[in-house]
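Right, one structure below, let's go through it.
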Amino acid sequence: MLKPSLKEAKIRTKKEVLTKTNEYIVKHDLKKLGKDKTYYVKTYGCQMNEHDSENMKAILEDMSFTESKTMEEADVIFLNTCAIRENAHNKVFGMIGRVKTLKETNPNIILGVCGCMAQEEVVVDEILTKYKHVDLVFGTHNIHRIPTLLEDCMNKKEKQVEVFSIEGDVIENIPVKRDSKYKAWVNIMYGCDKFCTYCIVPYTRGKQRSRKPEFILDEVNKLVKEGYKEVTLLGQNVNAYGKDLDLDYGMEDLLRDVARTGIPRVRFVTSHPWDFTDEMIETIKKYDNIMPYIHLPLQSGSSKILKLMGRRYTKEEYLTLFKKLKQALPYSSITTDIIVGFPGETEEDFEETLEVVNTCKYDSAFTFIFSPRVGTPACRMQDDITLEEKNERLQRLNKLVNQYSKEANDKYLGTTVPVLLEGPSEKNEDYLMGYTDTMKLVNVKGDSKYIGKIVNVKITDVKTWSMDGEIIE
Ligand code: 5AD
Ligand code: SF4
């Protein structure tokens with residue numbers, strides 16, 4: 001049993017990051033371990049986790065498991081968890097409880113808990129003492145080890161816990177089973193070294209490790225050949241791409257080279273305002289296939305709170321960057337993340353956040369109430385704000401954010417925009433849904449021949465979170 005260690009997860013050394021191309025192996029006798037058995041992977045959290053789940057699915061299929069449509073029918077259930085806020089935690093523990101009921105009728109079910117919560121010492125301790133029906137726990141650094149861990153679970157009938165609390169390497173040969181035939185996630189870097197004081201990610205995902213450009217470009221070139229229409233370059237802090245490589249090759253170089261592969265659309269998440277360079281802005285401007293969409297987390301509009309958060313920029317610096325972006329890319333949509341109720345946030349601090357929202361008029365914003373995460377510096381800060389106050393601030397913020405989302409969408413009314421149609425709309429089967437290059441959700445009437453294509457759509461109606469339109473042939 002190898003449990004996670006918070007103490008070790010905090011360590012950052014100068015140790016070289018290795019690119020490993022042979023680390024993932026499925027021994028011959030494990031290739032059939034999943035014959036006539038099914039799996040179900042439930043994903044919580046961010047795109048990084050969604051992509052990790054695509055890796056897990058491919059590994060399970062390498063071992064002959066097939067995907068089950070429902071969790072209830074599956075022989076192997078993986079919960080790929082998120083640790084970012086308390087409510088994500090609670091959802092997962094609720095689900096672990098639900099699987100217990102399933103295991104009462106089918107004791108052979110293997111329940112695995114993985115992802116960011118598995119990297120947390122407190123969580124694994126709780127699982128081991130209170131949730132004894134969990135058969136397997138593995139961390140974000142242990143995905144390639146699934147075949148061996150699952151074999152030990154199934155054949156030896158022993159609980160397996162393996163969570164490396166390491167800075168991490170880059171493993172290049174893990175297979176992937178992509179959820180979409182048109183849009184693909186491509187990791188460009190792993191981990192994070194920013195250590196914002198509220199954030200658990202540097203502890204759950206290790207140190208910042210960029211993938212070498214040739215591996216990324218190879219992957220994108222393959223996707224182009226397979227007919228993919230969009231790639232999203234993924235990382236916790238993509239603007240810092242390459243800084244840990246000894247190559248003099250940064251995010252602007254990577255963006256340029258990915259754009260030159262000819263993929264119809266490229267976007268990237270998530271940016272940290274600190275590392276956004278003028279060269280990057282120029283590159284986005286220069287290549288038509290780089291989507292004019294930027295997610296630029298603000299977190300707070302108060303320089304005092306930003307300092308406590310360890311964000312390394314002031315309100316003024318953020319606004320200067322924002323204005324530069326809007327000036328260079330007037331058509332772009334810019335979205336953000338905001339936390340309310342950070343320890344020490346006064347009404348005046350919060351009003352500064354509202355002021356920034358009033359200035360930036362974001363296309364949309366993800367808003368959160370601060371959630372203390374064990375082991376982070378903010379967790380130990382004095383927090384005097386009542387939950388009632390935090391809720392009230394969140395509501396005031398959401399009202400303003402929604403107002404600007406609607407205003408941003410209103411500008412599209414009557415215009416014709418390119419939309420990548422992905423599939424049937426959730427609400428109405430006669431409709432298709434897709435996204436503009438500025439990541440606006442659009443519903444159109446149309447038949448399935450348009451799925452997977454980028455089509456011109458005239459916008460006929462706009463709402464706060466979506467738009468309706470007509471396909472223009
Ligand atoms: N509490 C609330 N929100 C958080 N986020 C990250 N950590 C916390 C936390 N402890 C938010 C940030 C980040 C987004 C992914 O989640 O806004 O940008
Ligand atoms: Fe993603 Fe962070 Fe949640 Fe992990 S903790 S799943 S990296 S959002």
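As the structure lists them, so they are numbered: ligands from 1, and atoms in each ligand from 1.
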- side chain to side chain donor-acceptor pair (under 3.5 Å) between Tyr198 and Gln299: does it pass, once the steps are laid out? CA-CA 10 Å; Tyr198 51 80; Gln299 310 302 3; 3.2 Å; yes
Honestly, for Phe368 the part within reach of ligand 1 (heavy atoms, under 4.0 Å) is side chain
For Glu67, the salt bridge (charged side-chain N to carboxylate O under 4.0 Å, His left out) test, sequence neighbours excluded, returns Lys57, Lys177
Compare all side-chain heavy atoms of Lys42 with those of Thr81 and state whether any distance is below 4.5 angstrom.
-> no
Within 4.0 Å of some non-hydrogen atom of Phe370, the atoms of ligand 1 are 1 (N), 2 (C)
A student checking ligand 1 against Ile339 at a 4.0 Å heavy-atom cut-off should list atoms 3 (N), 4 (C), 5 (N), 12 (C), 17 (O)
Salt bridge (charged side-chain N to carboxylate O under 4.0 Å, His left out) filter on Lys304, not counting sequence neighbours, yields Asp349
Checking Phe370, Phe368, Phe350 against Phe342 for ring pair (Phe, Tyr, Trp, His ring centres under 6.0 Å), the one that qualifies is Phe370
Does Val201 have a heavy atom less than 4.0 Å from any atom of ligand 1? no
- prompt: Purely on distance, is any nitrogen or oxygen of Arg373 under 3.5 Å from one on ligand 1?
  reply: no
For Gln299, the ligand 1 atoms with a heavy-atom partner under 4.0 Å come out as 12 (C), 13 (C), 17 (O), 18 (O)
Atoms of ligand 1 under 4.0 Å from any heavy atom of Arg85, numbered from 1 in the order shown, are 1 (N), 2 (C), 3 (N), 4 (C), 5 (N), 11 (C), 16 (O)
The answer for which part of Ile84 has a heavy atom under 4.0 Å from ligand 1 is both
| task | Would you confirm whether Asn443, through its side chain, and Gly469, through its main-chain N or O, come within 3.5 Å as a donor-acceptor pair? | result | no
